[in-house]
Enquirer: 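Before I ask anything, here is the structure I am working with.
Both counts, for ligands and for their atoms, begin at 1 and track the order of listing.
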Amino acid sequence: MEGAGDPDEILLDPQEAPLPRPRLRGSVVTRHAAEDLSDAAAFDLVAHAANCVREFGDFHLALSGGRTPQPMYAALMYDPRFRGLPWRRTHLWVVDERCVPIEDERSNFARIRETIVDHSDIPPEQVHPMLAAMPGAAERYERELREALGWRQKGHDRLDYVLLGMGADGHTASIFAGSPALHDAERLAMDVPAPTTSQPAVARCTLTMRTINAARFVAVMVTGADKRDAVARLAAGAGPDELPAAALRPAAGELRWYLDAAACC
Ligand code: 6PG
């Protein structure tokens with residue numbers, strides 16, 4: 001029909017066009033809008049939590065700080081579609097922390113507490129802040145992890161779900177290029193020096209790559225054009241010494257990337 005144009009052009013609405021899927025290890029979920037991406041991750045989280053509670057009676061969840069997952073954390077609290085998350089059976093861990101008191105606005109736990117803990121019925125003894133400003137923080141966190149997971153059968157004594165972000169420099173958790181937390185085979189958590197590539201420049205405490213890679217499900221949520229280059233370099237095969245996120249390789253678990261349009265094309 002004259003004037004109707006090429007029907008393919010109609011499909012070229014950027015919100016509708018399929019997104020490229022970078023070839024990353026694990027599975028890759030892409031969405032045009034960060035909000036849809038956060039919903040996709042939240043649905044997976046709720047389903048995974050329910051499976052773990054069915055299987056083990058509880059669910060060990062480790063959450064990151066950073067800007068990217070904040071809308072998802074809020075949605076977990078107010079969106080009725082995610083009401084099924086079994087908070088009463090959940091142990092809440094922190095992936096990494098700045099060495100500041102937990103009341104400090106730079107504290108990851110402060111954000112997680114005000115968004116999630118204060119609005120859920122999670123029992124207080126199942127909330128595990130990383131007290132990174134205190135000496136021996138990493139050792140204490142390791143002990144706490146071993147104790148809380150220790151009653152589970154061998155092989156199941158690991159975190160069930162770890163939510164990560166990634167910096168434009170390829171760091172994940174507080175594991176920066178050259179960090180001992182990248183390759184250490186024994187430690188579950190480590191104190192690490194202040195990064196030179198990320199703000200705020202304060203020392204941190206972090207779960208190690210070993211702990212993350214032992215988890216049952218590792219989700220990495222990456223949004224924004226400033227991360228595009230790191231995503232492309234990972235897809236091109238850059239290694240962990242260049243981009244620490246390249247070391248993500250759960251030994252007996254699932255790795256899933258959640259990328260918005262800006263991060264993947
Ligand atoms: C943190 C993190 C860190 C974060 C990335 C991405 O506490 O800052 O755990 O690994 O996930 O730096 O941060 P954004 O989501 O703010 O880009």
Side-chain angles (χ1 to χ4, degrees), residues 24 31 33-35 37-38 41-42 45 61-76 92-102 104-116 128-133 137-138 141 159 161-179 181-182 188-209 211-213 215 218-231 233-234 240 243-248 255-264:
L24 301 172
R31 293 288 185 275
E35 194 187 331
L37 191 70
S38 141
L45 168 60
L61 167 67
L63 296 179
S64 285
R67 168 187 48 84
T68 312
Q70 300 303 327
M72 173 181 165
Y73 297 166
L76 289 176
L92 184 56
W93 301 90
V94 179
V95 167
D96 65 331
E97 191 55 279
R98 276 92 183 150
C99 293
V100 294
I102 56 173
D104 191 289
E105 58 172 18
R106 294 167 295 175
S107 155
N108 284 343
F109 181 72
R111 300 293 299 279
I112 291 170
R113 180 171 56 191
E114 69 192 25
T115 321
I116 295 180
H128 305 277
M130 214 175 227
L131 304 175
Y141 215 55
L159 292 170
Y161 184 108
V162 177
L163 178 67
L164 300 171
M166 181 178 78
D169 61 354
H171 81 265
T172 190
S174 280
I175 309 178
F176 293 82
S179 171
L182 191 53
L188 301 188
M190 281 181 112
D191 296 307
V192 292
T196 52
T197 50
S198 196
Q199 291 302 317
V202 285
R204 302 188 188 196
C205 184
T206 185
L207 297 183
T208 57
M209 195 54 86
T211 305
I212 294 168
N213 277 338
V218 178
V220 197
M221 197 186 287
V222 183
T223 61
D226 58 323
K227 314 280 175 71
R228 188 185 303 155
D229 178 57
V231 170
R233 284 160 63 207
L234 281 174
L243 302 173
L248 293 170
L255 171 63
R256 185 166 299 170
W257 295 83
Y258 297 87
L259 308 175
D260 76 346
C264 70

Enquirer: Side-chain atoms of residues 66-75: list all donor-acceptor pairs with protein atoms under 3.5 Å, sequence neighbours left out, distances to 0.1 Å.
Expert:
| residue | atom | partner | partner atom | Å |
| --- | --- | --- | --- | --- |
| Gln70 | NE2 | Gly66 | O | 2.8 |
| Tyr73 | OH | Ser64 | N | 3.3 |
| Tyr73 | OH | Ser64 | O | 2.7 |

Enquirer: For Asp226, which residues count as a side chain to side chain donor-acceptor pair (under 3.5 Å) partner, sequence neighbours excluded?
Expert: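 Expected list: none.
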Enquirer: Please list all pairs meeting side-chain hydrogen bond (donor to acceptor under 3.5 Å, both in side chains) that have one or both residues in residues 166-177, counting only residues at least two apart or in different chains.
Expert: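 Residue pairs with at least one partner in residues 166-177: Asp96-Ser174, Asp169-His171, Asp169-Thr197, Ser174-Arg204.
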Enquirer: Look at the side chain of Glu97 and the backbone N and O of Pro129, then say whether any donor-acceptor pair between them is shorter than 3.5 Å.
Expert: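 Between the backbone of Pro129 and the side chain of Glu97 there is no qualifying donor-acceptor contact (under 3.5 Å).
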Enquirer: Ring-plane angle category for Trp93 and Tyr141, please: parallel below 30°, perpendicular beyond 60°, tilted otherwise.
Expert: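 Trp93 and Tyr141: perpendicular rings.
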Enquirer: Could you list each N/O atom of ligand 1 together with any protein N/O atom closer than 3.5 Å, one pair per line with the distance?
Expert:
| residue | atom | partner | partner atom | Å |
| --- | --- | --- | --- | --- |
| ligand 1 | 7 (O) | Asp96 | OD1 | 3.4 |
| ligand 1 | 7 (O) | Asp96 | OD2 | 3.3 |
| ligand 1 | 7 (O) | Arg98 | NH1 | 2.6 |
| ligand 1 | 7 (O) | Asn108 | OD1 | 3.4 |
| ligand 1 | 7 (O) | Asn108 | ND2 | 2.7 |
| ligand 1 | 8 (O) | Arg98 | NH1 | 3.2 |
| ligand 1 | 8 (O) | Arg98 | NH2 | 2.9 |
| ligand 1 | 9 (O) | Asp96 | OD1 | 2.7 |
| ligand 1 | 9 (O) | Asp96 | OD2 | 3.0 |
| ligand 1 | 10 (O) | Ala173 | N | 3.3 |
| ligand 1 | 10 (O) | Ala173 | O | 2.6 |
| ligand 1 | 12 (O) | His171 | NE2 | 2.7 |
| ligand 1 | 15 (O) | Arg67 | N | 3.2 |
| ligand 1 | 15 (O) | Thr68 | N | 3.0 |
| ligand 1 | 15 (O) | Thr68 | OG1 | 2.5 |
| ligand 1 | 16 (O) | Arg67 | N | 2.7 |
| ligand 1 | 17 (O) | Arg67 | NH2 | 3.2 |
| ligand 1 | 17 (O) | Lys227 | NZ | 2.8 |

Enquirer: Is any side-chain heavy atom of Leu188 less than 4.5 Å from a side-chain heavy atom of Leu207?
Expert: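 The answer is no, as the side chains (C-beta and beyond) never meet within the 4.5 Å cut-off.
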